[in-house]
S.K.: 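Pasting a structure below so you can have a look.
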Amino acid sequence: MKLTLAGIKNTADWNEKGYKLPEFDVEKVTAATKNNPFWIHFGAGNIFRAFQANVVQNMLNKGDLDRGLVVAEGYDYEIIQKMYTPHNNVGAVVTLKSDGSVDKTVVASICEALCADSFSADFERLSEIFENPSLQMATFTITEKGYLLANAKGETMPAVEADFASGPSKPESYMGKVVALLYRRFEKGELPLAMVSMDNCSHNGDKLYATVHTFAKEWESRGVCKKGFLAYVENDAKVSFPWTMIDKITPRPDANIQEILLKDGIEGLDPVITTKNTYVAPFVNAEECEYLVIEDKFPNGRPELEKGGLIFTDRATVDKVEKMKVCTCLNPLHTALAINGCLLGYTLISKEMADPDLLKMVEIIGYKEGLPVVVDPKILSPKKFIDEVVKIRIPNPFMPDTPQRIACDTSQKLSIRFGETIKAYQAREDLDVADLKLIPYVFASWLRYLMAIDDEGKPFDLSPDPLLNDVCRYVKDVKLGQAFDVHAVCSEILKRKEIFGVDLYEAGLADAVEKWFVKLTAGTGAVRATLHEAVNC
């Protein structure tokens with residue numbers, strides 16, 4: 001049993017072990033895909049293999065599609081060379097369920113895997129794909145950083161600047177290569193295309209557009225491309241940049257999952273760590289829940305991907321779905337668990353959900369404090385979304401997510417994950433900000449977290465955060481069990497709208513934060529005692 005096209009032909013062994021195999025003619029689908037590709041995806045990582053490739057696989061099985069996917073990797077070519085190619089682009093998707101069971105699927109919907117290297121033969125093949133009128137969409141999961149053209153200082157990256165100067169002939173930067181391929185499509189007769197970011201960031205389509213537009217503008221102004229390319233990019237009847245919201249947890253391939261597959265008799269499962277430190281394996285593991293909501297703007301048409309579970313709607317609704325997730329139904333619960341999990345010594349988010357106090361905390365934040373002001377997108381029920389988060393997703397024992405990871409960059413998250421709820425309460429005449437009990441507690445627990453001392457009085461490492469040095473100075477003189485002037489400590493930081501979204505004194509919540517912070521610093525065990533009090537008050 002091997003994850004190759006030849007290795008999956010002995011279907012009896014795979015079926016006996018409970019694997020779902022491709023139910024379509026792989027050779028026929030591959031030939032059709034190469035002749036008339038409709039979907040190319042940039043970013044050959046785990047989320048693509050577990051989500052988009054699996055959706056297409058299911059649709060191929062049902063006969064709802066007759067062609068598969070093309071994937072291109074523009075950052076780490078070794079993913080293609082050392083993992084995709086040796087396995088004939090075949091992989092296993094292991095779906096990890098909250099009841100402790102797993103579903104195992106062999107995915108063969110990826111019909112072509114290419115390196116987006118402008119100095120290789122693969123790039124000529126990519127050019128052919130972009131020049132083909134059949135291509136309807138180019139999608140991306142390259143992380144938000146993939147769209148950046150400048151460094152943290154605002155300086156244009158050297159490879160990007162070189163691409164600006166030289167034009168679309170031999171680009172070196174990731175986005176330079178992408179835009180060069182789009183330019184080939186422009187040269188072929190301004191063929192229409194949807195450029196669809198599926199990265200987990202706000203208004204992702206705008207980020208992709210800004211990058212592509214910058215390249216087109218630079219190339220035209222410098223005279224290194226044909227006139228009209230900029231107008232082509234700016235014409236959404238030719239090139240669209242839809243917004244999307246994606247939600248599916250796909251952790252790094254786990255050794256415990258590898259052991260399950262090995263016991264089934266599958267050979268050749270060893271992972272590879274590339275020279276760019278990418279960890280890839282012939283299998284991916286992922287949670288069972290998944291959402292992909294897409295603005296329905298495809299100038300060259302699209303297949304009926306809603307048959308595969310994707311949701312198509314308008315831009316305003318995509319925005320509402322994102323706000324529902326980020327401001328109320330998922331991200332605030334994660335942040336509250338991360339802060340308190342670090343203080344209480346937890347190393348897995350899933351384990352926290354067996355703690356009655358922490359479970360009650362997220363239930364109050366989600367259902368009682370958040371739902372009254374949730375942005376309801378209508379196409380998804382906020383109540384059902386929270387139910388799934390609290391009862392299925394976060395408690396999933398297979399999910400190896402840690403409070404320490406989720407606590408990263410907390411200073412950048414509080415204003416969106418909690419501040420928007422406070423603002424919504426302020427804007428409503430039928431709601432009182434004073435009724436918010438747990439959100440002030442979360443703010444106070446973050447101040448307690450910044451002391452870098454857990455509830456047993458032991459030091460721990462704070463997670464990375466760009467404002468760490470700035471915010472830690474406020475609590476540096478606070479000692480467990482020692483009296484202090486809480487207002488003097490908190491008066492400056494609690495006014496910072498860029499952190500909390502509002503001035504907490506103006507909002508009428510600062511006194512509550514100060515009260516909880518005093519209790520949380522009373523000594524060892526105070527976090528547990530205060531949390532218990534907060535969820536029962």
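One-based numbering along the sequence shown.
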S.K.: Could you check Asn340 against Tyr441 for side-chain hydrogen bond (donor to acceptor under 3.5 Å, both in side chains), going step by step and ending with a plain yes or no?
M.R.: CA-CA 10 Å; Asn340 284 271; Tyr441 168 80; 2.7 Å; yes

S.K.: Identify whether the distance between the nearest side-chain nitrogen and carboxylate oxygen of Lys145 and Asp199 falls below 4.0 Å.
M.R.: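 Result for this pair is no, no salt bridge flagged.
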
S.K.: What I want to check is whether the side chains of Asn200 and Lys325 have a donor and an acceptor closer together than 3.5 Å.
M.R.: yes

S.K.: How about Ser202 and Glu322: does a side-chain donor come under 3.5 Å of a side-chain acceptor?
M.R.: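 On atom types as modelled, these side chains qualify, holding a pair under 3.5 Å.
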
S.K.: Looking only at heavy atoms, what is the nearest atom pair of Ser173 and Val160, with distance?
M.R.: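 So the two residues come closest at CB-CG2, 3.9 Å.
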
S.K.: Using 4.0 Å as the upper bound for N to carboxylate O, is an ion pair formed by Glu514 and Lys519?
M.R.: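 No salt bridge links Lys519 with Glu514.
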
S.K.: For Lys320, enumerate each residue passing the side chain to side chain contact (heavy atoms under 4.5 Å, CB included) test, keeping only those at least two apart in sequence or located in another chain.
M.R.: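 Listed in chain order: Val375, Pro377.
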
S.K.: Does the plane of the ring in Tyr505 sit parallel, tilted or perpendicular to the ring in His487? Use 30° and 60° as the thresholds.
M.R.: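 Correct class here is perpendicular.
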
S.K.: Can you tell me if Asp454 uses its side chain to pair, donor with acceptor, with the backbone of Gly457 under 3.5 Å?
M.R.: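 Yes, Asp454 side chain to Gly457 backbone: donor-acceptor pair under 3.5 Å.
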
S.K.: Using 4.0 Å as the upper bound for N to carboxylate O, is an ion pair formed by Lys97 and Glu288?
M.R.: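 Judged by the 4.0 Å cut-off on N to carboxylate O distance, Glu288 and Lys97 do not form a salt bridge.
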
S.K.: Between Lys360 and Asn536, is there a side-chain donor-acceptor contact under 3.5 Å, judged purely by atom types and distance?
M.R.: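 Lys360 and Asn536 do have a side-chain donor-acceptor pair below 3.5 Å.
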
S.K.: Checking Asn396 against Ser350 for the side-chain hydrogen bond (donor to acceptor under 3.5 Å, both in side chains) test, could you report, in this order, the C-alpha distance in whole Å, the side-chain angles of both residues, the deciding distance, and whether it holds?
M.R.: CA-CA 6 Å; Asn396 191 327; Ser350 59; over 6 Å; no

S.K.: Picking from Asp254, Val284, Leu261, what satisfies side chain to side chain contact (heavy atoms under 4.5 Å, CB included) with Val94?
M.R.: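 When Asp254, Val284, Leu261 are each tested with Val94, the side chain to side chain contact (heavy atoms under 4.5 Å, CB included) holds only for Leu261.
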
S.K.: Under a 4.0 Å N-O cut-off, is there an ion pair linking Glu155 with Lys153?
M.R.: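 Salt bridge absent between Glu155 and Lys153.
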
S.K.: Consider ring-ring contact (aromatic ring centres under 6.0 Å, His included). Of Trp446, Phe484, Tyr474, Phe443, which one does Phe517 pass it with?
M.R.: Phe484

S.K.: Looking at Ala507 and Val433, what are the two nearest heavy atoms and their distance?
M.R.: O-CG1, 3.5 Å

S.K.: So which heavy atom on Tyr346 is nearest to which on Gln404, and how close?
M.R.: O-NE2, 3.0 Å

S.K.: For Trp243, which of Thr313, Asp206, Asp314 qualifies under side-chain hydrogen bond (donor to acceptor under 3.5 Å, both in side chains)?
M.R.: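 Testing each of Thr313, Asp206, Asp314 against Trp243, the sole residue satisfying side-chain hydrogen bond (donor to acceptor under 3.5 Å, both in side chains) is Asp206.
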
S.K.: Is any side-chain heavy atom of Ile47 closer than 4.5 Å to a side-chain heavy atom of Ile246?
M.R.: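 Side chain of Ile47 against side chain of Ile246, heavy atoms only: contact under 4.5 Å found.
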
S.K.: Can a donor-acceptor pair be found between the side chains of Asn204 and Thr244 at a distance below 3.5 Å?
M.R.: yes

S.K.: Charged N to carboxylate O under 4.0 angstrom, Glu420 versus Lys423?
M.R.: yes

S.K.: For the aromatic rings, using the six-membered ring if either is Trp, is the centroid distance between Tyr147 and Tyr174 under 6.0 Å?
M.R.: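 For Tyr147 and Tyr174, the ring centres are not under 6.0 Å apart.
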
S.K.: For Thr139 and Phe42: C-alpha separation, side-chain torsions, deciding distance, then whether side-chain contact (heavy atoms from CB on, under 4.5 Å) applies.
M.R.: CA-CA 6 Å; Thr139 60; Phe42 288 87; over 6 Å; no

S.K.: As an exercise, state the distance from CG of Leu371 to SG of Cys329, rounded to the nearest 0.5 Å.
M.R.: 6.0 Å

S.K.: Search all heavy atoms of Glu144 against all heavy atoms of Lys207 and return the closest pair with its distance.
M.R.: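 Between these two residues, the closest heavy atoms are OE2-CE, 2.9 Å.
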
S.K.: Can you give me the closest heavy-atom contact between Ala444 and Trp516, atom names plus distance?
M.R.: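 Minimum heavy-atom separation between Ala444 and Trp516: CB-CB, 3.5 Å.
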
S.K.: Between Val56 and Trp39, is a side-chain contact (heavy atoms from CB on, under 4.5 Å) present by the stated rule, with each step listed?
M.R.: CA-CA 10 Å; Val56 171; Trp39 183 352; 3.6 Å; yes

S.K.: Can you tell whether the side chains of Asp435 and Lys368 come within less than 4.0 Å, N to carboxylate O?
M.R.: no

S.K.: How long is the gap from OG on Ser463 to CZ on Arg405, to the nearest 0.5 Å?
M.R.: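 Going from OG on Ser463 over to CZ on Arg405, the span is 10.0 Å.
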
S.K.: Show the nearest heavy-atom pair for residues Ser98 and Ile392, with the distance to one decimal.
M.R.: CB-O, 3.4 Å

S.K.: Hey, are Asp465 and Lys413 close enough for a salt bridge, meaning a charged N less than 4.0 Å from a carboxylate O?
M.R.: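 No.
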
S.K.: Below 4.0 angstrom, N of the basic side chain to O of the carboxylate: do Lys515 and Asp511 qualify?
M.R.: no

S.K.: What pairs with Glu363 under salt bridge (Lys or Arg N to Asp or Glu O under 4.0 Å), at least two apart in sequence or on another chain?
M.R.: none

S.K.: For Lys307, does its backbone N or O pair with a side-chain atom of Glu304 as donor and acceptor, under 3.5 Å?
M.R.: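 Such a contact is absent between Glu304 side chain and Lys307 backbone.
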
S.K.: Parallel, tilted or perpendicular: which fits the ring planes of Phe460 and Tyr449, with parallel below 30° and perpendicular above 60°?
M.R.: tilted

S.K.: Output, in order, the C-alpha distance, side-chain angles, deciding distance and verdict of side-chain hydrogen bond (donor to acceptor under 3.5 Å, both in side chains) for Asp387 and Tyr367.
M.R.: CA-CA 9 Å; Asp387 285 345; Tyr367 294 110; 2.5 Å; yes

S.K.: Give a yes or no on whether a salt bridge exists between Asp319 and Lys323, defined as a side-chain N under 4.0 angstrom from a carboxylate O.
M.R.: yes

S.K.: Quick one about Glu234 and His213 (side-chain donor to acceptor, distance below 3.5 Å, no hydrogens or angles considered), yes or no?
M.R.: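 Judged by distance alone, the side chains do pair up.
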
